[in-house]
Number of protein chains: 2
Amino acid sequence: MGSKPLVRDLLKEKQAELTASERRLSAVLLEDSMVTGLQSITRLAEVAEVSTPTVIRLARKLGFDGYPDLQDAIRVELAERMKRPLAKLEAARDDARDHIVSRFVEAVSENINRTLDRLDLARFDTVAELLSDPARRLHLLGGRITRSNAHYFFNHLQIIRPHVLLMDSSPSVWPQSLLDMDDRSVLIVFDIRRYERELEKLARLAVGQGAEIVLFTDAWGSPIEKYAAHTFRAMVEVPSSWDSTLAINFVVEALVADIQSRSSGQSADRIAALENMLGASRIFRGN
Amino acid sequence: MGSKPLVRDLLKEKQAELTASERRLSAVLLEDSMVTGLQSITRLAEVAEVSTPTVIRLARKLGFDGYPDLQDAIRVELAERMKRPLAKLEAARDDARDHIVSRFVEAVSENINRTLDRLDLARFDTVAELLSDPARRLHLLGGRITRSNAHYFFNHLQIIRPHVLLMDSSPSVWPQSLLDMDDRSVLIVFDIRRYERELEKLARLAVGQGAEIVLFTDAWGSPIEKYAAHTFRAMVEVPSSWDSTLAINFVVEALVADIQSRSSGQSADRIAALENMLGASRIFRGN
DNA sequence: AATATCCTGTAACAATTTCTACAAACGCCG
DNA sequence: CGGCGTTTGTAGAAATTGTTACAGGATATT
């Protein structure tokens with residue numbers, strides 16, 4: 001109910017009945033999601049090169065009481081938008097606040113949140129589409145720690161669609177895979193800190209072959225970034241000697257879900273066929 | 001250059017040197033990405049249930065000139081965050097709410113929360129201790145989907161301690177591993193729905209050999225539960241055709257952190273040795 | 001139990017903000 | 001060009017905000 005109209009919409013709606021300088025002001029506000037409107041009226045007026053009364057008059061025209069009233073609305077709106085999706089992980093079951101699990105959940109929740117902050121949805125969609133294209137050949141590769149992530153992604157992709165390959169962990173057999181790459185190939189690389197030189201080398205060569213690179217890395221960014229067409233940065237720090245790849249896995253799982261639904265038509269047959277084979281082999285083994 | 005530290009990080013960093021009411025205040029700020037800090041000092045103080053001078057004192061402690069200075073920082077930070085991903089998000093705001101990522105994060109958040117609710121910390125500690133015992137031999141095994149989880153766990157355990165084995169995915173070679181199991185063996189199994197009969201069979205045989213079983217499964221519970229000495233149940237449902245193993249991974253990562261710190265004495269040498277070998281092999285490969 | 005230290009809020013003060021009244025500037029039409 | 005309505009800015013009053021000084025109260029220490 002009472003969902004008060006968004007300030008942005010109000011501005012657009014009333015655009016017609018605004019005067020010249022009011023419009024200049026509204027342009028400034030719209031430009032950066034009205035964050036400028038959280039400053040004092042004086043400063044906002046300065047930025048927009050308008051006088052302070054103009055600001056007040058605009059606020060009134062939009063139906064607000066005065067400038068502070070408008071500010072409140074903007075702030076509420078912003079808070080709504082900032083709301084951290086995972087904010088409510090209840091870290092503190094107070095029986096064990098210091099338990100490793102509690103500290104861990106806090107860090108993980110923060111990691112996923114910040115990863116999401118930085119996640120560009122447009123990029124996500126682009127990549128999902130790219131990886132759904134059955135004409136593409138996908139090669140997956142992980143480092144020492146991230147091999148499991150690569151494996152997870154591979155495992156699912158392989159069920160959903162054809163032409164998915166998990167590259168061997170030993171660099172000595174990479175050249176053979178490289179030979180197969182061309183401009184229809186996509187190389188999906190996982191590389192987090194203690195970045196591995198071999199991975200970078202391979203990435204460079206793959207790009208040379210015409211392959212497109214999708215990179216999953218940490219906040220600091222692997223050197224492979226410069227070759228990558230698409231990069232996902234995830235937060236990995238937790239109270240441990242090890243980095244956490246949960247945030248990376250989160251993105252991967254979301255991608256799997258999206259890719260699956262995009263290619264559900266083709267993959268249904270594929271999965272049915274797979275089920276059949278599994279069933280057959282089970283009978284075969286005489287279980 | 002001059003990349004000023006984020007207010008959020010400042011708050012976390014100085015958390016230790018904050019007083020009780022300052023911490024109350026900082027909690028309020030962190031809760032909603034500091035949007036509350038854009039109001040007047042009076043209102044912020046009211047929300048946090050502290051006095052206005054406390055707010056100023058906190059601002060100073062963080063290195064700001066005064067409250068307005070802090071506000072400026074918050075605003076800049078917010079504007080920065082609004083800029084990139086939101087330019088696109090703005091156009092299709094309602095889209096974003098329905099975006100797969102948004103739906104996913106909600107489900108994951110719920111999953112981890114509920115998994116934590118059910119997690120018995122005493123059991124967690126027991127298992128951590130069990131898996132830290134260098135006299136034990138650990139065998140890891142995953143199913144079709146959960147093999148990556150087993151692999152992840154294996155990967156880390158193997159670095160931390162000796163006698164860790166990842167069992168082959170093909171049942172035909174399991175008998176050989178079974179032969180090696182006795183009452184000093186621990187079998188770590190991952191089995192979520194579409195429970196696999198082969199896994200159950202192996203579990204039964206392993207118990208017969210005297211091995212202890214640690215099981216990771218979903219909310220409904222794998223048939224292996226009846227053989228398992230310790231069971232972790234995690235929530236796996238997400239808006240996808242696939243189950244999410246993030247909650248399982250969460251428990252695994254927390255275990256890794258705990259086991260690592262328990263055996264840090266012994267594992268330090270092990271890791272150092274490993275680093276050396278990695279370095280050596282890199283030189284050997286002539287990178 | 002007494003003392004010292006640190007934490008916290010009250011209250012008065014200073015600075016800044018928002019707002020109003022008024023007048024200058026602009027554009028439009030006869 | 002002069003009259004008229006509208007738009008815009010200036011300046012000061014009113015209100016609110018941010019800040020400082022100080023004292024009561026809590027906590028730890030001897």
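Labels below follow one simple rule: chain letters A, B, ... track the order of the sequence lines, proteins then strands, and each chain is numbered from 1. Note that the structure is a prediction, hence the values are computed from the model and not measured.
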5' precedence on DNA chain D between Gln71(B) and Arg57(B) (nearest-nucleotide basis): Gln71(B)

Residues in side chain to side chain contact (heavy atoms under 4.5 Å, CB included) contact with Gln71(A), at least two apart in sequence or another chain: Tyr67(A)

Where chain B begins and ends its contact with DNA chain C, read 5' to 3' at 4.0 Å from heavy atoms: dC7(C) to dT10(C)

Side chain to side chain contact (heavy atoms under 4.5 Å, CB included) against Pro53(A), all qualifying residues, sequence neighbours excluded: Ser51(A), Arg57(A)

Sugar-phosphate only, base, or nothing, as touched by Arg24(B) at under 4.0 Å among non-hydrogen atoms: nothing

Contacts of Asp72(A) that satisfy salt bridge (charged side-chain N to carboxylate O under 4.0 Å, His left out) - sequence neighbours left out: Arg75(A), Arg43(B)

Partner residues of Asp243(B) under the salt bridge (charged side-chain N to carboxylate O under 4.0 Å, His left out) criterion, sequence neighbours left out: Arg193(B)

Along DNA chain D, first and last positions that approach a heavy atom of chain A under 4.0 Å: dT7(D) to dT10(D)

Counterpart residues, side chain to side chain contact (heavy atoms under 4.5 Å, CB included), relative to Asn149(B) (two or more places apart): Thr146(B), Phe190(B), Thr245(B), Ile248(B), Asn249(B)

Thr231(A): partners by side chain to side chain contact (heavy atoms under 4.5 Å, CB included), with sequence neighbours left out: Leu215(A), Thr217(A), Glu225(A), Ala228(A), Arg233(A)

ring-ring contact (aromatic ring centres under 6.0 Å, His included) involving Phe104(A) - partner list, sequence neighbours excluded: Phe250(B)

Nucleic acid contacts of residues 41-52 of chain A, taken as heavy-atom distances under 4.0 Å to DNA chain D: Val50(A), Ser51(A)

Separation between CG of Leu58(B) and CG of Leu29(B), rounded to the nearest 0.5 Å: 7.0 Å

Pairing residues for Phe154(B) by the ring-ring contact (aromatic ring centres under 6.0 Å, His included) criterion, not counting sequence neighbours: none

Results of salt bridge (charged side-chain N to carboxylate O under 4.0 Å, His left out) for Arg60(A) - residues two or more places apart only: none

